[in-house]
Amino acid sequence: MENIIEVKSLQKMFANQTALEDVNFHVRKGEIFGFLGPSGSGKTTTIKILTDQLFPTDGIANVFGVPSIMLRKKGYRKKFGVLTDNSGLYERLTVYDNLKLYCQLYDVSFKRITEVLAMVNLQPEQKIVVSKLSRGMLQRVMLARTFLHEPELLFLDEPTSSLDPVNSKHIHDGLRQLNAKGTTIFLTTHDMNEAELLCHRVAFLNKGKVQLLDEPQKLRRKFSDSTMTVELTDGRKIILHNDLEGSKELYTYMSTGQMASIYSNEPTLGDIFVEVTGRKLV
Amino acid sequence: MTFSLKRVVAIFEKDIKDLSKNMFVLTSMLMPLPLAILFGSVSKEPSIQMHYLVINMAFALVAAFVQCALIAEEKEKNTLRGLMLSPASTFEILSGKSLLSIVLTVITIVISALLTGYHPANFFIVALAIFISIFFYIALGTLLGLLTKSIMEASVITLPVMLLFGLGSFLQALTAEYPQLSFVEYLPNIQLELLATEVQNGVGITDVWSQLAVIAVWVVSACILVVVTYKKRAIDE
């Protein structure tokens, strides 16, 4: 599969502080790639380098097969969308007028405004002045603006960080729809559930380095201790190994009607992150 | 290089919509008018210096200050980055962001001239010189806006600039006593006033080309500085 982003030995220094030390990864065309890490791990710095908002100190950061610095060429601007902490809206204008401006800048039909507002569950608020919106609503308008031109590649920096579960679900559904249409999504988050729900592959970033990279399911399997927990009707919890001995024991509980429930002890992505980095995701 | 008028107009349209709710810009635009009313009422034939005190004030307050505030606000609210990341080119964004200030400056100058009763002997030459000067003040405002991070900072940084370019003619009076101030003679506001005086004395465009050239040099220099600063601001430090 073709790579849409290629990062090799990427380094970024701010004065004497190292933000990215040696970052290596690639993002395949058409996938949702999760870039996970705690606050200050370098996620936003990476997005800014990839979207030509920051120069790397060293290394390669290619997007669409060209160095990210080339993205300032007009032809590339329409191919990607970006939402970071430095995205903003015109507070004295309505939601509709904010999006209308971007329709004109990207040569997109105004009809698209209704579509993107539906994606972020904000259709009724389109005539409201932006300064009157809640933080979560602002985030959704900014997301809508990012989707507006149906970019080939979408960079989203913690897109649901200030949203409630209902609106997060709307956003997730919208992202899946976009991805189904062919949009590649580069998503940074410290929400492990979000990563598990959406991402085809995830990378763990810690202290300026990618510590681990794989599909969520493969990572869980890799870090699993191959056990399962059986809850019995008398309230006891029994841990069984995934072997012949365990299967015999499981059969006994099942055949005697003692088993109340059973679940795998596979770790969550959060557990794996803590195990690999020794840090919690905050 | 392609140029999209549609994008320029889109940014201008957005600024126009925003203007009705932007008290800061509206009040700044009205500030030179009381002075024009005063000068128009105290003297039946105000001097060229009086006319140009008002016109230079319009340049400093509307073209430079308002433009600086508009750009600074885009930076403060993180909206400039959105424009920079869009397909709009540097020229399209800067043109779109300057149109409102240009229109407001022209309106303010025309109203001020009507209030002070200014009738240039050669309308074409004076209009041309004023139009070229507007570009200098717009570029100056854009530059200062790009250098600041907020409207508050912009208000402070533009003060000395407004004094220098708005009230430069007062400094000119001091050049005999303080030769180190002789540079003020080459300021665009002084050159414009000089040109207007010459025109009022009946000279043609061939006699004022040096003043026009000096103003044009200021415009080009300011525009180059704007583009360089804009490109630097497109990248985080």
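Residue numbers start from 1 in every chain, and the chains themselves are labelled A, B, ... in the order their sequence lines are given, proteins ahead of strands.
At a threshold of 4.5 Å between non-hydrogen side-chain atoms, the residues A:Gln104 and B:Glu13 count as touching. Using a 4.5 Å heavy-atom threshold, the side chains of B:Leu85 and A:Leu71 count as separate. Here the side chains of A:Leu101 and B:Leu83 are in contact, with some heavy-atom distance below 4.5 Å. In this structure, the side chains of B:Lys6 and A:Asp107 come closer than 4.5 Å at one or more pairs of heavy atoms.
Environment of CE in B:Met152: sparse, with no more than 12 heavy atoms of neighbouring residues, nucleotides or ligands closer than 6.0 Å. No more than 12 heavy atoms of other residues, nucleotides or ligands sit less than 6.0 Å from atom OH of B:Tyr186. Residue A:Lys209 qualifies as open at atom NZ: its count of foreign heavy atoms under 6.0 Å is 12 or below. Within a 6.0 Å sphere centred on CZ of B:Phe131, other residues, nucleotides and ligands contribute 12 heavy atoms or fewer.
Atom OG1 of A:Thr84 and atom CG of B:Asn78 lie 8.0 Å apart (nearest 0.5 Å). Here the NZ-CD distance, from B:Lys21 to A:Glu91, works out to 12.0 Å after rounding to the nearest 0.5 Å.
When all heavy atoms of A:Gln53 and B:Arg81 are compared, the closest pair comes out as OE1-NH1, 2.8 Å. Residues B:Pro87 and A:Tyr106 share a closest heavy-atom pair of CD-CE2, 3.3 Å. Across all non-hydrogen atoms, the minimal contact from B:Arg7 to A:Leu105 is NE-O, 2.7 Å.
Of the listed residues B:Glu73, B:Lys14, B:Met84, the one with more heavy-atom pairs under 4.5 angstrom with chain A than any other is B:Lys14.
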